[in-house]
Amino acid sequence: MRRLKGAPDVTMKPETALLHAPHVAASQFDAVHPGTYRASSVFFSSMQAWRERDWTGKSGYVYGPHGTPTTFALEARVAQLEGGNHCLVCPSGLNAIALVYMTLLKPGDELLVPINVYGANRTFITQELMSWGVNVSIYDPTDLASLHFTKRTRLVWIEAPCSMTFEYPDLPALVALAHEHGALVALDNAWGAGIAFSPFDFGIDISVHALTKYASGGADVVMGAITVRDKALYDALKLCYMRLGLNVSGPDAESVLKGLLTLSLRYHAHDRSARQIAEHLRRNGKVARVMHPALKDSVGHAFWARDCGAAAGIFSVVFDVRYKQEDVDRFVDGLRLFRIGFSWGGPVSLAVSYGKSVATLRELEGELVRLSVGLEATSDLIADIDQALARL
Ligand SMILES: *Cc1c(COP(=O)(O)O)cnc(C)c1O
């Protein structure tokens, strides 16, 4: 039996006392990390406070999925990183994409997407969004004249650069064109990660960020974020998020908060290494083309050079036509440091042979392999690539 501090003068059985042992919320706690909070229920001080609960505000807490000090700290840092005002963390990058669509698009509305949009985004559009009566029109991100607007065009989706083939678009021109037609602009900012460029400087309305990639950096968390400047837009996204019952766990949010501390250093390290490897591959006669926006002969290089201060450490190579799928598989299987797997932005380098199966603006002359350069020593990665190329 023990007495509960601050509670009515009653004695309780140990099981009750354990549940009701009060603790002072750590408002004075100051350290590098805000701490890992996890909750379903959070307590209100009175019925009046419960009635006045605010599902979209961040000055109080309502329910675990609505937010904790850990997720709010993460959202504030991502908003700052991207140059936006309001951020919402989501269970995955793909979920963040889907949430933007589900919040903004109604039957009969039109969505404009690049022809070679990120594959899982495309699958959501074709399998879900279109079956719900949303019209989808595709455009070539290297050709402004290919965007066909109608009175119902609500949203233009942009990737900078394209996921597999890394063409870099004229972002400010695309944004201006969309706004001229009264459409909102959403950018998939997984590649830029808030480091290569500041997305809201280009006038976009929504930045969707796969925190899974560089922000986490550990290849151990899947998470996404949506950042906006407009509070009404944030509220609409947040209410849809709550209605869908989405949630991000405290430990995962804490893990991404740790990743953000070294994001910039890692991003530039990945970038340096990837550019050296890209140059090395470009000089190899077995490779027809290297697709990396920082290479002068890449599509949209001038836009990248104008708008970006860095590049992600991910790029694709197209092999010479004489190499068939089985040859290129032999190359990828022969790599020892580059592992085969989904995602990118983690510490370990990855390679996947997508062959000719990816959506592209122009037909590929040979088999495409995408390389995600990790944090291994560049010379070790180059030696690994050279020994695997020797198998061709
Ligand atoms: C990985 C990725 C996503 C999705 O992120 P997940 O967290 O894996 O769902 C979205 N867009 C691009 C360009 C990506 O590379």
Side-chain angles (χ1 to χ4, degrees), residues 74 78 82 87-102 111 113-125 127-129 141 155 157-169 171 185-197 199 204 206-227 241 244 246-249 252-253 255-256 259-260 263 267 270-271 274 291-293 300 304 308 311-316 341-346 348-352 354 358-360 368-374:
L74 175 57
V78 174
E82 302 235 27
C87 172
L88 175 60
V89 287
C90 300
S92 70
L94 179 58
N95 173 258
I97 294 169
L99 186 67
V100 170
Y101 292 152
M102 286 189 279
L111 165 70
V113 280
I115 188 166
N116 51 355
V117 70
Y118 171 63
N121 183 339
R122 184 200 343 274
T123 311
F124 181 80
I125 290 169
Q127 299 305 305
E128 267 75 32
L129 216 47
L155 182 68
W157 194 268
I158 299 179
E159 288 187 359
C162 304
S163 285
M164 286 289 168
T165 44
F166 299 94
E167 296 91 353
Y168 203 92
L171 185 54
V185 175
L187 172 76
D188 183 327
N189 197 28
W191 182 94
I195 302 295
F197 59 94
I204 61 154
I206 301 160
S207 175
V208 175
H209 188 155
L211 301 176
T212 306
K213 309 291 167 53
Y214 286 125
S216 147
D220 55 353
V221 177
V222 174
M223 200 182 295
I226 306 170
T227 304
Y241 178 98
L244 285 166
L246 303 177
N247 181 48
V248 164
S249 86
D252 281 357
S255 180
V256 176
L260 287 176
L263 169 65
Y267 193 93
H270 286 285
D271 181 10
M291 297 156 149
H292 185 308
W304 172 83
C308 293
I314 182 168
F315 63 93
S316 291
F342 284 111
S343 200
W344 50 278
V348 170
S349 295
L350 298 173
V352 171
Y354 288 92
V358 295
T360 53
L368 179 144
V369 172
R370 193 181 72 171
L371 297 173
S372 165
V373 174

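Numbering of ligands and ligand atoms starts at 1, following listing order. Positions are given from 1 along the sequence.
- Using cut-offs of 30° and 60° for the angle between ring planes, the Tyr267 and Trp191 rings count as perpendicular.
- Looking at Thr212, Leu94, Ile97, Asp188, it is Thr212 that brings a heavy atom closest to atom 7 (O) of ligand 1.
- Side-chain contact, Glu167 with Asn116: a donor N or O sits under 3.5 Å from an acceptor N or O.
- Residue Phe342 places every heavy atom at 4.0 Å or more from ligand 1.
- For the ligand labelled ligand 1, residue Ser343 lies outside the 4.0 Å heavy-atom shell.
- Ring planes of Tyr168 and Phe197: perpendicular class, angle over 60° (limits at 30 and 60°).
- The closest donor-acceptor contact from the side chain of Thr212 to the backbone of Val222 lies at 3.5 Å or more, if one exists at all.
- The distance from ligand 1 to the heavy atoms of Ser163 drops below 4.0 Å at these ligand atoms: 13 (C).
- Within the 4.0 Å heavy-atom criterion, neither part of Trp191 lies near ligand 1.
- At under 3.5 Å, not a single nitrogen or oxygen of Asn95, backbone or side chain, sits near a nitrogen or oxygen of ligand 1.
- Put simply, the residue from Ser163, Pro169, Pro141 that forms a side chain to side chain contact (heavy atoms under 4.5 Å, CB included) with Pro114 is Pro141.
- The single protein non-hydrogen atom nearest to atom 6 (P) of ligand 1 is Gly93 N, 3.4 Å, given as residue, atom name and distance.
- Taken to the nearest 0.5 Å, the CG atom of Asn95 stands 7.5 Å off from the OH atom of Tyr241.
- If you look at Lys213 next to ligand 1, the close heavy atoms, those under 4.0 Å, all belong to the side chain.
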